[in-house]
Protein chains: 2
Amino acid sequence: MRIGDLAARAGVSVRALRYYEEQGLLTSVRSPGGQRRYADRDVARVLLIQRLYQAGLSSRTIVDLLPCTETPSHEASDLAFERMRQERDRITGHIAELVRTRDALDRLLAANRTHREGLVPG
Amino acid sequence: MRIGDLAARAGVSVRALRYYEEQGLLTSVRSPGGQRRYADRDVARVLLIQRLYQAGLSSRTIVDLLPCTETPSHEASDLAFERMRQERDRITGHIAELVRTRDALDRLLAANRTHREGLVPG
DNA sequence: CTAAAACCTGACGTTGACGTCAGAGGCAAG
DNA sequence: CTTGCCTCTGACGTCAACGTCAGGTTTTAG
């Protein structure tokens, strides 16, 4: 599978895939001519990377965690495991914050709706 | 209230407050010498701004919505109202994504715990 | 065999929310 | 009036995840 195919299947840009490799998030086998070739399983890997980015993790953090995800072995360091727990908790906190923000918006929307429905005629 | 006091009370930097003013998110009255003076209610305003930033809104988006929040009037344009609904829905979607990501991490954590607890002895 | 399409490696550009530094001025206390 | 802290206006720096362009090579369709 070539880089353009992987990009299409994972819904990211070719540039992004090269950047992931540069950051150590993704590896590739090279063709005799030097072009990157990927396996089918890399689609899922890229989707996971995207998911983690979207959750606010940095490249550095992701590269620390990925060994855990690929080969759940005892060698996956305690630090990586602990880091994963930390990130999980951070996400939980972020979700709570977003819920509060949404509630605030809901209250503002309600207040505006009141004024819109003519309870305060102009 | 001076800018340093507001910064301390709202938990942001002085630089951030000047930036908010530059972006049209915050206004101030000037002292005879040209220094910014704020009212107590500006603390809440800054906290709201911070909350919206943290929810992924840009300065531009926030400045569009803030008129709605300060004076819920009929003049608050339909566009601002609609925009607010959009952002609310975007946040809801984002929350759902974060929950999915957290679930993924939970599964990975469970897998690793299995290997850690000696079910696969080394 | 050829031309188009895809890929390669640099390397500089972008964006947003500030950080930081320089040089100068305002302000309450003693 | 001066000491010291706070504040002012520029204006350049930062950082991350790519976008984009240049100039050249590989792969594939016909």
Side-chain angles (χ1 to χ4, degrees), chain A residues 1-39 42-43 45-66 83 87 90-91 94 97 101, chain B residues 1-39 42-43 45-66 83 87 90-91 94 97 101:
Chain A
M1 180 180 205
R2 303 171 68 171
I3 196 172
D5 303 327
L6 179 55
R9 286 203 210 173
V12 305
S13 71
V14 166
R15 177 69 174 93
L17 295 180
R18 295 204 190 101
Y19 176 74
Y20 297 165
E21 184 168 320
E22 187 184 326
Q23 299 298 309
L25 304 178
L26 190 62
T27 55
S28 60
V29 169
R30 297 305 180 107
S31 77
Q35 297 192 355
R36 294 173 178 84
R37 293 299 138 86
Y38 298 95
D42 287 325
V43 177
R45 189 181 179 100
V46 171
L47 290 177
L48 176 61
I49 292 172
Q50 282 287 108
R51 188 171 276 296
L52 294 177
Y53 272 133
Q54 187 243 2
L57 308 213
S58 67
S59 291
R60 174 62 199 278
T61 302
I62 298 177
V63 82
D64 285 350
L65 301 189
L66 279 183
R83 192 73 178 277
E87 292 303 324
R90 199 186 51 77
I91 291 174
H94 193 191
E97 278 302 301
T101 302
Chain B
M1 174 179 212
R2 304 170 71 170
I3 196 171
D5 303 328
L6 179 55
R9 287 205 211 172
V12 305
S13 70
V14 168
R15 176 67 175 95
L17 295 179
R18 295 206 190 99
Y19 176 75
Y20 297 165
E21 183 168 322
E22 186 185 326
Q23 299 298 307
L25 303 178
L26 191 63
T27 57
S28 60
V29 169
R30 297 302 180 109
S31 77
Q35 297 191 351
R36 294 173 179 84
R37 293 299 137 89
Y38 298 95
D42 287 325
V43 177
R45 189 181 178 98
V46 172
L47 290 176
L48 176 60
I49 292 173
Q50 281 286 106
R51 189 171 275 296
L52 294 177
Y53 271 133
Q54 188 242 1
L57 307 212
S58 68
S59 292
R60 174 62 199 279
T61 301
I62 299 177
V63 82
D64 285 351
L65 301 189
L66 279 183
R83 191 74 179 275
E87 293 301 325
R90 199 186 52 74
I91 291 173
H94 193 189
E97 279 300 301
T101 302

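Within every chain, numbering begins at 1; the chains are lettered A, B, ... in the order of the sequence lines, protein sequences first and strands thereafter.
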(request) Applying side-chain contact (heavy atoms from CB on, under 4.5 Å), run through Arg37(A) and Met1(A) and close with a yes or a no. (result) CA-CA 5 Å; Arg37(A) 293 299 138 86; Met1(A) 180 180 205; over 6 Å; no

(request) For the helix from dC1(C)-dG30(D) to dG30(C)-dC1(D), measure the angle between the helix axis at one end and the axis at the other, each built from five pairs, rounding to 10°. (result)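 End-to-end axis angle: 20°.
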
Give the table of side-chain donor-acceptor pairs shorter than 3.5 Å for residues 6-18 of chain A, with sequence neighbours excluded, one pair per line with atom names and distance.
{"residue": "Arg9(A)", "atom": "NH1", "partner": "Asp40(A)", "partner atom": "OD1", "Å": "3.4"}
{"residue": "Ser13(A)", "atom": "OG", "partner": "Ala16(A)", "partner atom": "N", "Å": "3.0"}

(request) Of all the heavy-atom pairs spanning Leu25(A) and Leu66(A), show the shortest one and how long it is. (result)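 Closest pair (atom of Leu25(A), atom of Leu66(A), distance): O-CD1, 3.6 Å.
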
(message) Could you report the tightest heavy-atom contact between Arg36(B) and Ser28(B), atom names first, then the distance?
(response) CG-OG, 3.4 Å

Take the protein atom [atom1] of [X] and the nucleotide atom [atom2] of [N], then report the distance between them rounded to whole Å.
X: Arg18(A); N: dC8(C); atom1: CZ; atom2: C1'; result: 7 Å
X: Ile62(B); N: dA17(C); atom1: CD1; atom2: P; result: 7 Å
X: Glu22(B); N: dC8(D); atom1: CD; atom2: C1'; result: 14 Å
X: Arg30(B); N: dT7(D); atom1: CZ; atom2: C1'; result: 10 Å

(request) Assign a letter to each nucleotide of nucleotides 16-29 of chain D from its 5' end: B, base within under 4.0 Å of a protein heavy atom; S, sugar-phosphate only; -, no contact. (result) -BBBB-----SSS-

(message) Could you work out, with ring-ring contact (aromatic ring centres under 6.0 Å, His included) as the rule, every residue matching Tyr38(A), not counting sequence neighbours?
(response) none

(message) Testing the 3.5 Å rule here: is there a donor-acceptor pair between the side chains of Tyr53(B) and Ser59(B)?
(response) yes

(request) Write out all pairs satisfying salt bridge (charged side-chain N to carboxylate O under 4.0 Å, His left out) with one or both partners inside residues 22-34 of chain A, taking only residues at least two apart or from two chains. (result) Glu21(A)-Arg30(A)

(message) Going by salt bridge (charged side-chain N to carboxylate O under 4.0 Å, His left out), name the residues that satisfy it together with Arg51(A), two or more places apart in sequence or in a different chain.
(response)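 Salt bridge (charged side-chain N to carboxylate O under 4.0 Å, His left out) list for Arg51(A), sorted by chain: Glu97(B).
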
